[in-house]
Amino acid sequence: MKKPLLLLAGLGLAISAGQASAWSQPTHKNIVKDALAFMNSASATEEMRRAYQFYVNAAGTEAKAGEILGQAAYDVDDFKDTRLGGWWIGYEYAPVAGAAASLVNYTSYWHFINMGRQGDAHGNDHGGYDYRYHKVDGTWSGDVDWYAMVYLYNRGLKTSDYDSTEAHYRQGSSSNWYQHYDDFQVAAFQPIDNLAKYWFDQFKAAPSLQTIGFALHATGDVAQPHHVWITSGNGHSSWEGWVDDHYASEQLNNPVAVANLIGQYDAQKPVRDLLTQTAQVAYQHPEPLYDTSYATRLRVAKEMIPESIALTATVLTKGANNFYGQGGL
């Protein structure tokens, strides 16, 4: 019979990192709004400006379109679609109180892509969150992933969530609950590019600003170094909080920087390829995992936020192109 490890005394006091949700929710929303605005700028291509009109006409105004799209990207971190536990303790959407109250929301485990390894147990080009491969800071002390593993040891994904959420995010890969989701410490979650493709396909099948907005959550996550190095620790929350606090004051959304990057993205490429392109850039910037200095955070944020905005504008353009017969794959 499976039994979870005993929690260390005072574990709840030791965990203070908060929810690992890539950029903060307000940052996700800002990125989407800035991408939409860029699509109507002098630096935008003709197809981007056409796509801009597609979304604005659907909502009535740019402000309304940006609000709906941005709120949908924001909301993905609040999904109640993932329960972990076991028959001996029951299942929960996230720790409700006490020892693990500050751990990641369980839905966050679908929001990673491991750019440090080729392939995964499901047959994806790059895997998602997997505790066995998470980046660590050299000690378990303060390691949010380690605390999560202790709390969730031998706990698995609820089978109904495996048959719904995991099935949606499988996207052509293979999966087996007993092999991949029975024990958290060896669980192999699906990567976030699969999440994005699922919601993008939902948008194509039944277009709404909300469904493509859900897909746009991923265009933020793949530009966040912690999510491509798959760690909930290593200063994850303090970094995303810093970016949120300085987004406007440091002009992290510099449109000139976005314009310099936009030509590197091709809306004819598959959504997952576009996301992987940005993830590869983020993987080259692990500095925020180890260096919390203002200068380092500013330098990396000034690179990755415009990258995320450029990617978001491209995915929005790709989405609109589907209704003009130019959507690509």
Side-chain angles (χ1 to χ4, degrees), residues 22-52 55 62-63 65-66 69-70 73-74 113 115 192 196 213 215-229 235 239-269 271 273-289 291-320:
W23 307 122
S24 71
Q25 288 177 298
T27 298
H28 273 287
K29 194 169 186 177
N30 286 334
I31 287 170
V32 172
K33 288 183 173 182
D34 288 334
L36 184 64
F38 178 85
M39 291 163 63
N40 194 41
S41 70
S43 300
T45 64
E46 182 178 348
E47 71 169 352
M48 284 184 179
R49 285 191 284 272
R50 183 182 64 183
Y52 167 88
Y55 297 107
E62 179 186 315
L69 290 165
Y74 179 114
I113 181 168
M115 298 306 295
I192 193 168
L216 297 179
H217 184 87
T219 62
D221 280 3
V222 295
Q224 215 281 51
H226 292 77
H227 275 246
V228 301
W229 284 90
W239 156 247
E240 68 184 28
W242 185 95
V243 171
D244 186 24
D245 291 343
H246 298 87
Y247 191 94
S249 62
E250 289 289 2
Q251 297 182 312
L252 302 180
N253 58 342
N254 186 341
V256 175
V258 178
N260 290 336
L261 293 167
I262 201 72
Q264 299 176 23
Y265 289 91
D266 181 358
Q268 291 299 309
K269 289 184 177 180
V271 168
D273 288 0
L274 291 168
L275 293 167
T276 301
Q277 178 180 334
T278 304
Q280 289 170 337
V281 178
Y283 186 73
Q284 301 305 314
H285 294 285
E287 302 95 300
L289 278 68
D291 186 351
T292 61
S293 69
Y294 195 100
T296 293
R297 285 179 162 179
L298 180 61
R299 176 176 56 79
V300 176
K302 281 191 170 183
E303 293 188 53
M304 296 317 305
I305 292 296
E307 199 83 46
S308 185
I309 294 171
L311 170 62
T312 302
T314 304
V315 173
L316 281 168
T317 300
K318 181 177 181 64

- Message: Run the side-chain contact (heavy atoms from CB on, under 4.5 Å) test on N253 and N30 for me, step by step, so that the C-alpha distance in whole Å, both residues' side-chain angles and the decisive distance to 0.1 Å come before the verdict.
- Response: CA-CA 9 Å; N253 58 342; N30 286 334; over 6 Å; no

If every non-hydrogen atom of [X] is compared with every non-hydrogen atom of [Y], which pair is closest and at what distance?
X    : Y    : result
E47  : A267 : OE2-CB, 4.1 Å
M48  : I262 : CE-CG1, 3.1 Å
L316 : A51  : O-CB, 4.3 Å
L36  : G66  : CD2-N, 3.6 Å
L274 : D266 : CD2-O, 3.4 Å
V222 : A282 : O-CB, 3.4 Å

Side-chain heavy-atom pair [X], [Y] within 4.5 angstrom cut-off:
X    : Y    : result
I31  : L216 : no
T292 : R297 : yes
K302 : L298 : yes
W239 : E287 : no
K318 : V271 : yes
L289 : P225 : yes

- Query: What residues form a ring pair (Phe, Tyr, Trp, His ring centres under 6.0 Å) with Y247, not counting sequence neighbours?
  - Reply: none

- Is a side-chain donor or acceptor of Q224 paired with a backbone partner of H226 at a separation under 3.5 angstrom? yes

